[in-house]
Every structure is written in structure tokens, then in C-alpha cells.
> 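Dumping the structure here so I can ask a few things about it.
None of the values given here were measured: they were computed from a predicted structure. Worth knowing before you read on, the calculation uses all heavy atoms, side chains too, and leaves out hydrogens, waters and symmetry mates. Counting begins at 1 with the first residue of the sequence.
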Amino acid sequence: MVVIKLLTSPKCPMCPKAKEVVKKLTEVEKDITVLELSVNTDEGFKEAMKFGIKFVPAIIINDEYIIMGVPSLDELRKVVRKFKGI
């Protein structure tokens, strides 16, 4: 099981693109849990601080790997597959 935490902000112009990439990934890869966390909430802010994230969008995979910005679908899929052992 892979857990993706997508850190976003309501005013972020790039966050909708990151959301779309993550959504497309869940359509082609199964066994993925996605948590979208706004850094404007206490929970999202704590996650950002925990990982030293200073801007969004940011994607945290299994609390081990961080992608800053908007990855391509292929890039995100490759990382997720490594965590799945594929």
C-alpha cells in the first residue's frame, strides 16, 4: 500500500495541476491512498513543518520521498512503483 500526501493551498495556481496528476495516477495504479492536506489547516501545516516543506504543491510518498511542484504522470508513477516493489 502506498500513501500519498498532497500538500496544497487554496490560492496556489499550480495545486490543481498536481491534484490532476495524482488523480490520473489513481486511475492507473491501484492500492494507493491519497490524502489531500491544505497547509492552511493545522494538520496540513504540521505535515509541511515536519518535512521542511516551504511551498506547495508538494507530494509526500510513504513519509519517505518528497516531490516538490507538479510532477509528470510518468515521474510520479515510477516513484510509486518503486515503493510497490514493481
> Check whether more than 12 heavy atoms from other residues, nucleotides or ligands sit under 6.0 Å from atom CZ of Phe83, and answer yes or no.
yes

> Tell me which donor-acceptor pairs under 3.5 Å the side chains of residues 8-16 have, and how far apart each pair is, sequence neighbours excluded?
unit_1 : atom_1 : unit_2 : atom_2 : d
Thr8   : OG1    : Glu36  : OE2    : 3.3

> Membership question, hydrophobic clusters at under 4.5 Å side-chain separation (ILVMFWY): are Val56 and Ile66 in the same one?
yes

> Step by step, work out the side chain to side chain contact (heavy atoms under 4.5 Å, CB included) result for Val2 and Ile61.
CA-CA 7 Å; Val2 174; Ile61 302 169; 3.7 Å; yes

> For Phe55, enumerate each residue passing the side-chain contact (heavy atoms from CB on, under 4.5 Å) test, keeping only those at least two apart in sequence or located in another chain.
Met68

> Identify whether Ile59 and Val21 are in the same connected component of the hydrophobic contact network (ILVMFWY, side-chain heavy atoms under 4.5 Å).
yes

> Determine whether more than 12 heavy atoms belonging to other residues, nucleotides or ligands lie under 6.0 Å from atom OH of Tyr65.
no

> Under the criterion side chain to side chain contact (heavy atoms under 4.5 Å, CB included), I'd like the reasoning laid out for Ile32 against Ile4: C-alpha separation, chi angles, the key distance, then a yes or no.
CA-CA 7 Å; Ile32 297 174; Ile4 293 176; 3.8 Å; yes

> Using 0.5 Å steps for rounding, measure from the CZ atom of Arg81 to the NZ atom of Lys78.
11.0 Å

> More than 12 foreign heavy atoms under 6.0 Å from CD of Glu43: is that the case here?
no

> Residues two or more places apart in sequence or in another chain: which of them pass side chain to side chain donor-acceptor pair (under 3.5 Å) with Lys84?
Glu29

> For residues Leu6 and Ala18, report the shortest heavy-atom separation together with the two atoms involved.
CD1-CB, 4.0 Å

> Starting from Ile67, can I reach Ile53 by hopping between I/L/V/M/F/W/Y residues whose side chains sit under 4.5 Å apart?
no

> Should Leu37 and Phe51 be regarded as members of a common hydrophobic cluster, given that ILVMFWY residues are connected when their side-chain heavy atoms come within less than 4.5 Å of each other, either directly or indirectly?
yes

> When hydrophobic residues are tied together by side-chain contacts of less than 4.5 Å, even through go-betweens, does Leu73 share a cluster with Val79?
yes

> Can you list every side-chain hydrogen bond (donor to acceptor under 3.5 Å, both in side chains) pair that touches residues 46-63, not counting sequence neighbours?
Lys5-Glu47, Lys5-Asp63

